[in-house]
Q: 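My questions will all concern the structure given below.
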Amino acid sequence: MTKRKVIVLKKQCSTEIVPKAPYNFDKTVYDPSHFPTPIEIWKPGKFWKTMRFKDRILGIKFMDVGTISKPKIKLTVFSASELKKEFIRDLIKDINFRYGFNEDLSDFHRQYKSDSLLRPVFKRMRGAHSRSFESLYEIIMISIVLQNAIVRRTVQMMNNLLNKYGQKIKFNGKEMYLVWKPNKLAKVDEKELRNLKVGYRAKMFTKISEQFAKGDVNEYRLREMSLEQVERELLKLYGVGPASLDSLLGILRIHQPIRTISPWEQKIYSRLLFNKVIVSPDKILRELKRRYGKWSVFAGYILFEDLFWRHDKKSIPWLEKEIRL
DNA sequence: CATCAGGGCCCTG
DNA sequence: CAGGGCCCTGAT
């Protein structure tokens with residue numbers, strides 16, 4: 001057992017960002033339905049995230065110092081050594097994209113302001129954007145630990161991986177993990193991975209990591225591609241199928257019609273859309289597409305987030321039963 | 001004790 | 001295009 005080093009990020013610099021209004025900070029950065037993982041920390045009005053940018057290890061702290069209608073975010077970047085102005089400029093550009101600070105959702109809001117399901121949701125979720133600040137590689141690793149597992153096991157697999165291959169970093173009094181670099185996992189022996197209880201997913205981790213390490217897939221290049229091209233690229237990855245694809249597209253802020261419903265989503269949509277215990281996935285897909293067209297993935301996301309936020313505030317019994325930890 | 005499905009995907013026939 | 005197999009876990 002080797003003791004792993006904690007990297008402490010002592011240097012810091014701050015700036016302010018004014019997102020396009022309306023911007024709802026908490027309801028964008030925090031997703032109550034997402035399993036807990038030590039690569040991020042949320043508290044009302046505050047958010048900490050580890051990040052690797054241009055091969056530098058960073059800790060980012062966000063503070064909400066505005067309102068939904070007049071949003072303002074104080075951003076502090078922590079690093080081990082001083083950062084150049086140009087680096088910071090590029091970083092902020094990237095963060096703007098990831099956190100949707102400039103994203104314009106007015107079309108969506110205009111179009112569905114009278115929708116029977118979304119109208120009440122907009123009151124609570126006004127200014128919420130889709131959560132997509134994780135790197136493409138990070139989110140792919142997450143989508144793999146989510147496959148064919150309940151949340152408890154997902155958490156276990158993720159923590160095992162972070163413990164073994166992640167980098168522990170400390171900034172602003174928080175100790176968190178940064179996800180490993182692809183080339184590190186690419187070289188790991190399948191057996192070693194299987195010891196971490198990831199099962200058949202072991203091969204997916206190494207194969208995909210290899211593809212990332214070689215530069216076959218590049219998040220920034222994907223941002224410039226058409227939907228069809230992006231899909232082709234992502235489906236080349238061993239372990240990425242139709243169910244993971246939709247959530248990966250969210251990372252690139254691509255809005256498109258919904259195509260897949262997983263069993264747990266099926267149960268929730270059955271209640272939300274039809275007020276029934278279970279409705280066929282086909283019927284759900286048709287209804288979502290009929291209502292929301294190209295916005296159906298995003299509309300579904302907002303409906304789910306609203307539901308889980310409400311559940312957080314006051315337990316919803318039928319939902320409680322569906323979320324098995 | 002055995003069986004099964006879970007926040008899928010790959011591969012085969 | 002349907003269906004079996006895959007790792008592991010906790011529920012039954």
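Chain letters run A, B, ... following the sequence lines, proteins first and then strands; every chain starts at 1.
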Q: If we only count heavy atoms from C-beta on, is the T37(A) to L162(A) side-chain gap below 4.5 Å?
A: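 A side-chain contact exists here, since the closest heavy-atom pair is under 4.5 Å.
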Q: What nucleic acid atoms does R201(A) come within less than 4.0 Å of, heavy atoms only: base, sugar-phosphate, or nothing?
A: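 R201(A): base contact, heavy atoms under 4.0 Å.
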Q: Heavy atoms only, 4.0 Å cut-off, all strands: where does S244(A) land among base, sugar-phosphate and nothing?
A: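 Result for S244(A) = sugar-phosphate.
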Q: Side chain of I150(A), heavy atoms from C-beta onward: which of dG7(B), dG8(B), dC9(B) has the nearest atom to it?
A: dG7(B)
Q: For the side chain of M204(A), starting at C-beta, report the closest nucleotide among dC7(C), dG7(B), dC9(B).
A: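 Nearest to the side-chain atoms of M204(A), counting from C-beta on, is dC9(B).
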Q: Determine the interatomic distance between P on dG3(C) and the same-named atom on dG7(B); round to the nearest Å.
A: 22 Å
Q: If you only use heavy atoms from C-beta on, which nucleotide in dG7(B), dG6(B), dC9(B) is closest to the side chain of N148(A)?
A: dG6(B)
Q: R153(A) has a side chain; which of dC9(B), dC8(C), dG7(B) sits nearest to it?
A: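 From the listed options, dC8(C) comes nearest.
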Q: Is it true that, when you exclude K74(A) itself, more than 12 heavy atoms of the residues, nucleotides or ligands shown sit nearer than 6.0 Å to its NZ?
A: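 Counting neighbours around NZ of K74(A), 12 or fewer heavy atoms of other residues, nucleotides or ligands fall under 6.0 Å, so no.
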Q: Rounded to the nearest angstrom, tell me the gap between atom OH in Y238(A) and atom C1' in dC9(B).
A: 8 Å
Q: Select one nucleotide: of dG10(C), dG7(B), dC8(C), the one nearest the side-chain heavy atoms of R152(A).
A: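 My answer, after comparing the listed nucleotides, is dG10(C).
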Q: With side chain to side chain contact (heavy atoms under 4.5 Å, CB included) as the test, would you mind laying out the steps for L234(A) and L136(A) before giving the verdict?
A: CA-CA 10 Å; L234(A) 290 176; L136(A) 182 66; 4.2 Å; yes
Q: Taking the P atom in each of dG10(C) and dC9(B), what is the distance between them to the nearest angstrom?
A: 24 Å
Q: State which residue, out of R52(A), R223(A), K54(A), fulfils the salt bridge (Lys or Arg N to Asp or Glu O under 4.0 Å) condition with D94(A).
A: R223(A)
